[in-house]
Amino acid sequence: MKLEQAIKSRLPERSLLGILARTAYWIEWWRRFGPASGHDPKLKDPFGRYVITTFVNGTNMGPYDAARHINGVSGHELSATANRHFSIAKLNQAITDVVNAHAQLDMARAWGDGTAVAADGTHMDTYLNNLVAETSVRYGRPGGIAYHHIADTYIALFTHFIPCGVWEAVYIIEGLLKNESELQPTTIHADTQGQSFPVFSLAHLLGFELMPRIRNWKDLVFFRPTKQTSYVHIDALFGEAGRNVIDWDLIESHFKDLMRVALSVRAGKVSSVLLLRRLRSGSRKNAHYTAFREVGRVIRTIQLLRYLTDPQMRRRVTAATNKVEAYNGFSEWVRFGNRGVITDNDPVEQEKAVKFNALLTNCLIFHNTLDIAEAVRELQAEGWKVEPEDLAEVSPYLTEKIMRFGEYSTHELDLAPEAYEPRLDVDFTRLGPDTDSGLLS
């Protein structure tokens, strides 16, 4: 696309460490970190130490390898800082700070309004002898899964690290409930695993609309509202006449129980992961399991029919799943150290590793979005007519002008940048929910 090429040609060359430092100045996400005691960190330069530590762990370089390339720090200092000053909760807060700042940028409106999110996982290599790693059937090597919730604005709202052997769909709801950012999606896109009846049911009861990517149509079953119901052109989708009928009496008799469970999940008293695991393995004789399954049958049948009849909906689902797959590749590009292998065997440190990477990746997305907006302003000053529909096709997952390797200079840590401009003179109100944005190749 001509506009995309013009934007890319105007992007400045930047270092990865410099980008991280600039976002730290602007957003001040680094202030989330410190000793568990809450006391003064007693570091000579906490800003610089926290930025470098995030860079080292986000790229997966490791503290001792990184210290060989960065002047003024030792491997012991970087390791101790990551262990004592960074926790999973603090990393989540810093990630949320970046998400909220990104949501205030006009350019982000070209890609979405934050009401939709796509969930998917990507394999990460680990050593075999630890509590989380399993040999993946799909990838044929040991590791775990970094499971991401990616907003329609391209940024990661939440990230889990889970074993390869678990059913990924149980984490679809959990990431949304733990997301504390200003973006609160109501629509969830997922891969084929999201078609489970219990997941459809719980999502509906919690007020989320689950819209997974549909595959293997011939293996799916549609359910009739009554035994007498028949359809003129699509009756074959519902199987034999009088079969595959919703048990409305079962739903009615257990609906209060289902709502109690949903409210408990929403309040955090019951883990959605634990609940969905039990519902998946639950006996058909268990009344709660059968009631969840029955509601899921209703919701999934409706969504399948919508998916069949609405081509714009299919394009939105495709665009959303393309974004999360592109994010996986982008975050992997950022995580270049140690060939991408998580070298720590502690499950807590493994979880921190994927969150360090998510924080660094989100900072890069935020900064790329600002650089794209600045390039647009330059083009407008030169007389270009920039349409929002064209900007919707430009992804912030850009790497061409970003330097990852070489000697990492820390001089940019002392260079406070000028304030950034979040506004952009483009009418994004023309972009409706049916705009085909984010269709990445």
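Annotation for Tyr327 and Ala358: closest pair OH-CA, 3.8 Å, computed over non-hydrogen atoms. The shortest non-hydrogen separation linking Ala118 to Ala320 is CB-O, 3.4 Å. Residues Arg314 and Thr309 share a closest heavy-atom pair of NH1-N, 4.2 Å. In terms of heavy atoms, Ala262 sits closest to Leu205 at CB-CB, 3.8 Å. Closest approach of Ser201 and Gly296 over heavy atoms only: CB-N, 3.7 Å. Residues Thr153 and Ala108 come closest through the heavy atom pair CG2-O, 3.7 Å.
Within a 6.0 Å sphere centred on NE2 of His85, heavy atoms belonging to other residues, nucleotides or ligands number more than 12. No more than 12 heavy atoms of other residues, nucleotides or ligands lie within 6.0 Å of CG in Asp425, so this atom counts as exposed by the packing criterion. For Glu400, the CD atom counts as densely surrounded, since its 6.0 Å shell holds more than 12 non-hydrogen atoms of other residues, nucleotides or ligands. A 6.0 Å sphere centred on CD of Glu378 holds more than 12 heavy atoms belonging to other residues, nucleotides or ligands.
Note that the CG atom of Leu237 and the CG atom of Leu304 stand 9.0 Å from one another [nearest 0.5 Å]. With rounding to the nearest 0.5 angstrom, the CG atom of Leu105 is 8.5 Å from the CH2 atom of Trp111. Taking CD of Glu351 as the reference point, atom CZ of Phe356 lies at 12.0 Å (rounded to 0.5 Å). Rounded to the nearest 0.5 angstrom, Ile19 CD1 and Ser15 OG are separated by 7.0 Å. To the nearest 0.5 angstrom, Tyr289 atom OH is 10.5 Å from Glu294 atom CD. Interatomic distance, CG of Asn357 versus NZ of Lys352, reported as 15.0 Å (0.5 Å rounding).
With a 4.5 Å cut-off on side-chain heavy atoms, Leu359 and Leu20 do not count as touching. Using a 4.5 Å cut-off on side-chain heavy atoms (C-beta onward), Leu210 and His204 make no contact. Using a 4.5 Å heavy-atom threshold, the side chains of Ile402 and Trp333 count as touching. At a threshold of 4.5 Å between non-hydrogen side-chain atoms, the residues Tyr231 and Phe238 count as touching. Side-chain atoms of Phe330 and Thr399, non-hydrogen and from C-beta on, do get closer than 4.5 Å to each other. Looking only at side-chain heavy atoms (C-beta outward), Val199 and Val170 stay at 4.5 Å or farther from each other. Using a 4.5 Å heavy-atom threshold, the side chains of Pro225 and Val298 count as separate. Here the side chains of Val295 and Phe200 are not in contact, with every heavy-atom distance at 4.5 Å or above.
For an aromatic pair to be called close, the ring centres must be under 6.0 Å apart, and Tyr25 with Phe47 satisfies this. Outside the 6.0 Å centre-distance limit, the rings of Tyr147 and Phe161 are not counted as a close aromatic pair.
Judged by distance alone, with hydrogens and angles left aside, the side-chain atoms of His149 form a donor-acceptor pair with the main-chain N or O of Ile172 at under 3.5 Å. Side-chain N or O atoms of Gln184 include one that pairs as donor or acceptor with a backbone N or O of Ser181 at under 3.5 Å. Judged by distance alone, with hydrogens and angles left aside, the side-chain atoms of Asn60 form a donor-acceptor pair with the main-chain N or O of Gly337 at under 3.5 Å. At least one donor-acceptor pair under 3.5 Å links the side chain of Lys323 to the backbone N or O of Asp152. The backbone N or O of Leu11 lies less than 3.5 Å from a partner atom in the side chain of Lys401, making a donor-acceptor pair. A donor-acceptor pair under 3.5 Å is formed between the side chain of His189 and the backbone N or O of Met211. Under a 3.5 Å cut-off, the side chain of Glu209 and the backbone N or O of Ile188 do not form any donor-acceptor pair. Although no hydrogens or angles enter the test, the distance criterion places no donor-acceptor pair under 3.5 Å between the side chain of Asn338 and the main chain of Gly340. Formation of a donor-acceptor pair under 3.5 Å by the Thr301 side chain with backbone atoms of Phe223 is found in this model. Within the 3.5 Å criterion, the main-chain N or O of Ala116 finds no donor-acceptor partner in the side chain of Thr187.
Taking 4.0 Å as the cut-off between side-chain N and carboxylate O, Arg423 and Asp106 count as a salt-bridged pair. Using a 4.0 Å cut-off between charged nitrogen and carboxylate oxygen, Arg335 and Glu332 do not count as a salt-bridge pair.
In this structure, Arg293 forms no cation-pi arrangement with Phe197, as its terminal cationic atom is not both closer than 6.0 Å to the ring centre and no more than 45° off the ring axis. Under the 6.0 Å distance and 45° angle rule, Lys2 counts as a cation-pi partner of Trp384.
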query = side-chain contact (heavy atoms from CB on, under 4.5 Å) between Leu305 and Ile234: does it pass, once the steps are laid out?
reply = CA-CA 10 Å; Leu305 291 172; Ile234 60 172; 4.0 Å; yes

inquiry  = Set out, in order, the CA-CA distance, both residues' side-chain angles and the distance that settles side-chain contact (heavy atoms from CB on, under 4.5 Å) for Ile251 and Ile246, then state yes or no.
reply    = CA-CA 9 Å; Ile251 295 175; Ile246 298 297; 4.0 Å; yes

task = Go through the steps to decide whether Lys8 and Leu398 satisfy the test side-chain contact (heavy atoms from CB on, under 4.5 Å), and finish with yes or no.
result = CA-CA 8 Å; Lys8 288 182 177 180; Leu398 303 175; 3.6 Å; yes

request  = Kindly determine whether Ile52 and Leu78 satisfy side-chain contact (heavy atoms from CB on, under 4.5 Å), including the steps that lead there.
outcome  = CA-CA 8 Å; Ile52 293 174; Leu78 293 175; 3.7 Å; yes

Residues Glu180, Lys178; criterion salt bridge (Lys or Arg N to Asp or Glu O under 4.0 Å); working and verdict = CA-CA 6 Å; Glu180 297 182 354; Lys178 289 187 175 181; over 6 Å; no

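Arg306 and Gln303 share a donor-acceptor pair across their side chains, judged by distance under 3.5 Å alone.
Taking Thr159 as the reference, His148 meet the side chain to side chain donor-acceptor pair (under 3.5 Å) condition, with sequence neighbours excluded. Residues passing the ring pair (Phe, Tyr, Trp, His ring centres under 6.0 Å) test with His160 are Phe158, Tyr171, sequence neighbours excluded. Residues passing the ring pair (Phe, Tyr, Trp, His ring centres under 6.0 Å) test with Phe33, sequence neighbours excluded: Phe86. The ring pair (Phe, Tyr, Trp, His ring centres under 6.0 Å) check on Trp26 picks up His367, Tyr420, with sequence neighbours excluded.
Sorted by first then second residue, the side-chain hydrogen bond (donor to acceptor under 3.5 Å, both in side chains) pairs that include residues 234-249, not counting sequence neighbours, are Arg224-Asp235. Residue pairs satisfying the side-chain hydrogen bond (donor to acceptor under 3.5 Å, both in side chains) criterion with at least one member in residues 93-102, sequence neighbours excluded, are listed as follows: Arg32-Asp97, His102-Thr369.
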